[in-house]
Engineer: 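Below are the structure tokens for one structure; questions will follow.
Just so you know, these numbers use all the heavy atoms, side chains as well, and skip hydrogens, waters and symmetry mates. All values derive from a computational prediction rather than experimental measurement. Order of the sequence lines sets the chain letters (A, B, ...), proteins ahead of strands, with each chain counted from 1.
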Protein chains: 2
Amino acid sequence: MDRETKQTRMQAFEAQCRSQSVRLTFQRRVILEAALDLDNHPTADRVFETVAKRTPGVSRTTVYRTLETLVRMGVITKTPHPSSVVRYDPRVETHHHLICQRCDDVIDISDARLDALPVPDTSDLGFEVLDVRVQLRGICRRCRERKEERS
Amino acid sequence: MDRETKQTRMQAFEAQCRSQSVRLTFQRRVILEAALDLDNHPTADRVFETVAKRTPGVSRTTVYRTLETLVRMGVITKTPHPSSVVRYDPRVETHHHLICQRCDDVIDISDARLDALPVPDTSDLGFEVLDVRVQLRGICRRCRERKEERS
DNA sequence: TTAAGTGCAAAAGCTTTGCGGGTAG
DNA sequence: CTACCCGCAAAGCTTTTGCACTTAA
């Protein structure tokens, strides 16, 4: 994420902490900074490693707890992923995913046409739709090349 | 899943086992049957419980291993889910999801208009798209009712 | 000052692995 | 017959919890 966007996001977070009386601690700032720097849907552990490199002493537990706090605040999100590890996503704006069926890798893409999809009516289910995202499921380049090798 | 569809699926599985020389064991049949009977993206553990009720003696390990085998064969899929537990899905045809941002619940929906979405061009990324699915992210009925209570 | 947050250690899930015995083809 | 599969027990990861100490407001 570019420096300017990141700075804006950090300021928004700080403002939100003040307005919601969530304590603005050193750890929370560092953890959010690390999350904003990681693309590709980092796990809590990857965020922990990044934080640990920059400022040793922050505990793994705090990283786990803080990421959940940030999700509840709406500052980051959890992203659906086929795997037994929670994935976080610092991108909060609408975007879409390529999902490899073979290696479970998830790649971000942007596509204006997909952003403009009409929202189907789900009022009969009582579900309030806030955001529409598309998954393109298939086989990624690496897996395709590997498959061709074998044949 | 209705009896007829299930029977067709079981027969297709058996045929695939023969053609790919995958051993057709008692356990594999029972585990696939249980998975086909479970909606709502069962975890391996839920499949295990269902199998255990019907035919005690099948081990949890075998359920974990077999579900992975079925995924590799393309008989079932893993479905992306925001949580630290793998979710399987017996539905292999295109369908879409409502994802609740508050409780992480994932609800299946069918929508012909969404099925017909144009496939964006991903050839520059070397990604081969096989299927397009949509996530409608928002708040489910139960969480909305709970929120209103609080206010 | 004090309620909220943190670190540590330990517990609690979920999933995988190694291995001896069993079985489908 | 024999390569593949199963069950068991144990290990390996990821995530959560309880509690005493620290700190932002």
Engineer: Taking the basic N atoms (NZ, or NE/NH1/NH2) and the acidic carboxylate oxygens, is any pair closer than 4.0 Å for D39(B) and R91(B)?
Structural biologist: no

Engineer: Distance check: side-chain N/O of T25(B) vs OP1/OP2 of dT23(C), anything under 4.0 Å?
Structural biologist: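 Negative; the distance criterion is not met.
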
Engineer: Rounded to whole angstrom units, what separation is found between the CZ atom of R29(B) and the C1' atom of dG25(C)?
Structural biologist: 13 Å

Engineer: Please give me the minimum heavy-atom distance between R23(A) and R28(A), naming the atom from each residue.
Structural biologist: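 Shortest heavy-atom contact: O-NH1, 2.7 Å.
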
Engineer: Between E68(A) (CD) and dA4(C) (C1'), how many Å, whole number?
Structural biologist: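 The answer, rounded to whole Å, is 18 Å.
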
Engineer: Please compare R18(B) and Y88(B) by the position of their nearest nucleotide in DNA chain C and report the one closer to 5'.
Structural biologist: Y88(B)

Engineer: Under 6.0 Å between ring centres, would you say that holds for H41(A) and H97(A)?
Structural biologist: yes

Engineer: Is there a path of hydrophobic side-chain contacts, each under 4.5 Å between heavy atoms, that joins V30(B) and I76(B)?
Structural biologist: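 In one cluster: yes.
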
Engineer: More 5' along DNA chain C: C17(B) or T43(B), using each one's nearest nucleotide?
Structural biologist: T43(B)

Engineer: More 5' along DNA chain D: V22(A) or T61(A), using each one's nearest nucleotide?
Structural biologist: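 Checking each residue's closest nucleotide, the 5'-ward one belongs to T61(A).
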
Engineer: Do R133(A) and D131(A) meet the salt-bridge criterion of a basic N to acidic O distance under 4.0 Å?
Structural biologist: yes

Engineer: Nearest-Å distance, CG (L67(A)) to P (dT14(D))?
Structural biologist: 14 Å

Engineer: Taking atom P of dT16(D) as reference, at what distance in whole Å does atom CG of D45(A) sit?
Structural biologist: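 My rounded result for the distance is 12 Å.
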
Engineer: Separation of Q20(A) atom CD from dA24(D) atom P, in whole Å?
Structural biologist: 20 Å

Engineer: Kindly point out which of dT16(C), dT6(C), dC6(D) is positioned nearest to the side chain of Y64(B)?
Structural biologist: dT16(C)

Engineer: Of R65(A) and G57(B), whose closest DNA chain D nucleotide lies nearer the 5' terminus?
Structural biologist: G57(B)

Engineer: Nearest whole angstrom, please: distance from the C1' of dC4(D) to the CZ of R28(B).
Structural biologist: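 Nearest whole value for this atom pair: 8 Å.
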
Engineer: Examine the base of dA25(D) for any acceptor or donor lying under 3.5 Å from a partner atom in the side chain of R23(A), and report the outcome as yes or no.
Structural biologist: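 Between dA25(D) and R23(A), which were checked side chain against base, a qualifying N/O pair under 3.5 Å is absent.
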
Engineer: Measure the distance from CZ on R46(B) to P on dT15(C) and round it to the nearest whole Å.
Structural biologist: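 Spelled out: CZ on R46(B) to P on dT15(C) is 14 Å.
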
Engineer: When you check the phosphate oxygens OP1 and OP2 of dT23(D), does a side-chain N or O of Q27(A) lie under 4.0 Å from one of them?
Structural biologist: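 So the side-chain polar atoms of Q27(A) never come under 4.0 Å of the phosphate oxygens OP1 or OP2 of dT23(D).
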
Engineer: Rounding to an integer number of Å, can you tell me how far R60(A) CZ sits from dG5(C) P?
Structural biologist: 22 Å

Engineer: What nucleotide, of dC6(D), dA25(D), dT6(C), holds the atom closest to the side chain of T62(A)?
Structural biologist: dT6(C)

